[in-house]
Structure formats: structure tokens, C-alpha cells
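The structure presented is a predicted model; accordingly, all values stated were derived computationally and were not measured. These values consider heavy atoms only, across backbone and side chains, with no hydrogens, waters or symmetry-generated copies.
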Amino acid sequence: MKKRSKTEDKVTQINKVVEAFFNANPDKDWIPVKDIMHDLVKAGVFSKDQKKGLPLRKVLRALDQETLLSSIPSVHAERTESAVYWYLVREGTTFTPQEPTSTISKKERAKATRESSDEFYILDLCDEYLKEQSSRKHTFSFLLGDMHKRGKTRTKLPLAAYYENANLVIEFKEKTNHTEAYQEKLQVMTTSGITRGEQIIRYNKRRKDVLQKKNINLIEIDYSLFDCDSKNNLIRNKETDVRLIQDLLKKYVK
């Protein structure tokens, strides 16, 4: 008698958990695979969840490569040019997405979000006035964070923008954020043995001190100088904003 492989056993377990899930949830005809992870962990199929369904996605990718996806009949793969989106579908029903699957990658979405941010809006105005394309998220080899956990490496501290010709760095003061989630984030401990909030203060001071020693000019721009809405986002009155930028940067125009 042929011995069953660990993969075959795992597939059998997954099928049982999926069947039990749909039996217990008659209102659901399909779900993204991340929604079954709690049940799979509880059943002992996986020891824990990672990155919203990664353990199950790994199994599905392996089966897909071996053309064995049919061994989990409930699996449905939505394929795009850049990714595969995995779903579980109740037997006898059809997968009908509530909205079209985005073909934009997470990296592309993050880039688009960053480029539409208030920070980039202001830096675009600075570029225009200084007639120089800034280096965004610039790093210097001499400006480093605290030692990493193993005590061997340190991360270069990024700067919002660097203008080589003007010998100028622009940084931004963080927007006021009183949300509970943000305040909790500031209390998270770092590998330096201090909270994230304390680390921000430390790194801001380090940027100032190091840049001063290197004779590199630094301007910190406070968003509150600009007209903002009730959510502390810039209204973006370009005419008014340009005048403010000119006042801040006029000494650096050659």
C-alpha cells in the first residue's frame, strides 16, 4: 500500500475544514483564503497564521506548480499579469467577485499613494522653485540609526528630500495624530530599548546634529503652516502655497 505524503494529508485536512466552514456558514458562497485560516489553525492544520493566509497560499502555489489544484475542489484562482488571488468557493456555486480584481500590485499602489501625498505635493513645489529635482527618501552613509538587534548593522536614516546643488535637506514635522491606533504605535518598543515615539525624537535630533556637523543646510517644514482641512490634510491652494515655499527657500535660490 502506497504511503500518503505529508502534502496529501494536509490537503485532506484542508478539504475537511473548508467543508465544515461552508456547512457552518450557509450565507457564504465564497471567501478569500485568509478567512479560513482561523479554522485551519484551530484544527491543527497549521501552527499559526502569517501575513493573512500565507501558509495556505504556499500550499496552493505548490499544488498549482504541480497542476494538482483540483485536489482542493473548492479553490478558485483569479489570475492577473502580476499576481494570483486565491478564493474558496462553496460546492455547486459560482465565484462572483463583488468588484473587479485590481491588476495593480501592492508596490504600485504604495508608489501611487506616496506620490499623491501632501509631502510629495510640497516637495514638487520646492523642486519647481529651486529648479532642481530633489532626491526623495535620500540617505547618507554617515547618517545611521541605532544598532540592530544582533549588534552588527545599522540602517541609514532616510531624509524627505536632498538638493545637492542647494546643499539642502528638507524634512517634515509629523502631522498631529491623536488616533488610538497611532498612539499605540508610538508605545511599541524598538530594538534600541526605547518606544517608537522616543526613537522618533532621538532620530530627529540625530539628523539635525549630523547634518550640522557636515555643513548641510536643513529646513523642517511644518504642515500647519499651510491651509489644512478638518482632517489635517492640505487644501492645496497652489498660489498661496507657492508664496509660502518662496519665503522658506529664498535664501537657497542661486
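Atom-to-atom distance recorded for Ile31:CD1 and Asp29:CG is 11.0 Å, nearest 0.5 angstrom. In this structure, NZ in Lys10 is found 10.0 Å from CG in Leu56, a value given to the nearest 0.5 Å. Rounded to the nearest 0.5 angstrom, Asp241 CG and Ile245 CD1 are separated by 7.5 Å. We find the SG-CZ distance between Cys126 and Phe120 to be 12.0 Å, quoted to the nearest 0.5 Å. In this structure, Lys28 NZ and Thr93 OG1 are separated by 13.0 Å, a value rounded to the nearest 0.5 Å. For the atom pair CZ of Phe226 and CD1 of Ile122, the computed distance is 4.0 Å after rounding to the nearest 0.5 Å.
Taking the side chain as every heavy atom from C-beta outward, Glu164 and Glu132 approach each other to under 4.5 Å. By the 4.5 Å heavy-atom criterion applied to side chains, Trp86 and Leu69 are counted as neighbours. By the 4.5 Å heavy-atom criterion applied to side chains, Arg207 and Pro158 are counted as neighbours.
Looking at Gln199, its side chain never comes within 3.5 Å of a backbone N or O of Ile194 through a donor-acceptor pair. In this structure a side-chain-to-backbone donor-acceptor pair under 3.5 Å is missing from Arg79 to Val84. Side chain of Arg90 to backbone of Phe22: a donor-acceptor contact under 3.5 angstrom is found. Put simply, the side chain of Asn23 gets close to the backbone of Glu19: a donor and an acceptor are under 3.5 Å apart. A donor-acceptor contact shorter than 3.5 Å is absent between the side chain of Arg206 and the backbone of Leu143. In this structure, the side chain of Asn165 does not engage the main chain of Lys131 through any donor-acceptor pair within 3.5 Å. Judged purely by atom type and a 3.5 angstrom limit, Arg57 has no side-chain atom pairing as donor or acceptor with the backbone of Lys34. The backbone N or O of Val17 sits nowhere less than 3.5 Å from a side-chain atom of Asp39 that would complete a donor-acceptor pair. Judged purely by atom type and a 3.5 angstrom limit, Asn204 has no side-chain atom pairing as donor or acceptor with the backbone of Lys173.
For Arg236 and Asp229, the salt-bridge test fails: no basic side-chain N is under 4.0 Å from an acidic carboxylate O.
Leu218 and Leu130 fall into different hydrophobic clusters, defined by Ile, Leu, Val, Met, Phe, Trp and Tyr side-chain heavy atoms under 4.5 Å apart, directly or through other members. The hydrophobic cluster containing Leu211 does not contain Ile200, counting ILVMFWY residues as joined when their side-chain heavy atoms lie under 4.5 angstrom apart, directly or transitively. No single ILVMFWY cluster, assembled from side-chain heavy atoms under 4.5 Å apart, contains both Val33 and Tyr85. Cluster membership check: Val41 shares its hydrophobic cluster with Val11, using side-chain heavy-atom separations under 4.5 Å among Ile, Leu, Val, Met, Phe, Trp and Tyr. Residues Tyr163 and Ile216 fall into different hydrophobic clusters, defined by Ile, Leu, Val, Met, Phe, Trp and Tyr side chains chained together at heavy-atom separations under 4.5 Å.
For the residue pair Ala160 and Leu123, the shortest heavy atom distance occurs at O-CD1, 3.8 Å. Leu248 and Ile219 make their closest contact through O-CD1, 3.3 Å (heavy atoms, listed as atom of the first residue, atom of the second, distance). Listed here is the closest heavy atom pair of Pro55 and Lys48: CG-O, 3.6 Å. The two residues Ser71 and Asn15 make their nearest non-hydrogen contact at O-ND2, 3.0 Å. Of all non-hydrogen atoms in Ala166 and Asn217, the two that sit nearest each other are O-ND2, 3.8 Å.
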TODO: Report the C-alpha distance between Arg136 and Asp127 in whole Å, list the side-chain angles of each, state the deciding distance to 0.1 Å, and finish with yes or no for salt bridge (charged side-chain N to carboxylate O under 4.0 Å, His left out).
DONE: CA-CA 11 Å; Arg136 311 283 171 97; Asp127 287 1; 2.6 Å; yes
Open item on the list: Set out, in order, the CA-CA distance, both residues' side-chain angles and the distance that settles salt bridge (charged side-chain N to carboxylate O under 4.0 Å, His left out) for Asp118 and Lys175, then state yes or no.
Closed with: CA-CA 11 Å; Asp118 285 345; Lys175 293 182 179 181; 2.6 Å; yes
Open item on the list: If you apply the rule side-chain contact (heavy atoms from CB on, under 4.5 Å), what do you find for Lys213 with Val210, and how did you get there?
Closed with: CA-CA 5 Å; Lys213 288 180 181 179; Val210 172; 5.8 Å; no
- [ ] Check the pair Ile235, Thr240 against side-chain contact (heavy atoms from CB on, under 4.5 Å), reporting the backbone distance first and the verdict last.
- [x] CA-CA 10 Å; Ile235 294 176; Thr240 303; over 6 Å; no
- [ ] Starting from the C-alpha separation in whole Å, work towards a yes-or-no answer on side-chain contact (heavy atoms from CB on, under 4.5 Å) for Thr195 and Leu186.
- [x] CA-CA 6 Å; Thr195 65; Leu186 294 181; over 6 Å; no
Open item on the list: Using side-chain contact (heavy atoms from CB on, under 4.5 Å), reason through Leu88 and Val75 one step at a time and then give a plain yes or no.
Closed with: CA-CA 5 Å; Leu88 297 170; Val75 169; 3.8 Å; yes
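Residue pairs meeting the ring-ring contact (aromatic ring centres under 6.0 Å, His included) criterion with at least one member in residues 139-162, sequence neighbours excluded: His138-Phe140, His138-Tyr162, Phe140-Phe142, Phe140-Tyr162.
Under the 30°/60° scheme for interplanar angles, the aromatic rings of Phe95 and Tyr87 are found to be tilted. Taking the six-membered ring for Trp and thresholds of 30 and 60 degrees, Tyr223 and Phe172 have nearly parallel ring planes, at less than 30 degrees apart.
For Glu128, the CD atom sits in a loose shell: 12 or fewer heavy atoms of surrounding residues, nucleotides or ligands are nearer than 6.0 Å.
Side-chain contact check for Asp146 and Ser192: at least one donor-acceptor pair (N or O, by modelled atom type) lies under 3.5 Å.
Judged as a salt bridge (charged side-chain N to carboxylate O under 4.0 Å, His left out), and not counting sequence neighbours, the contacts of Glu220 are Lys208.
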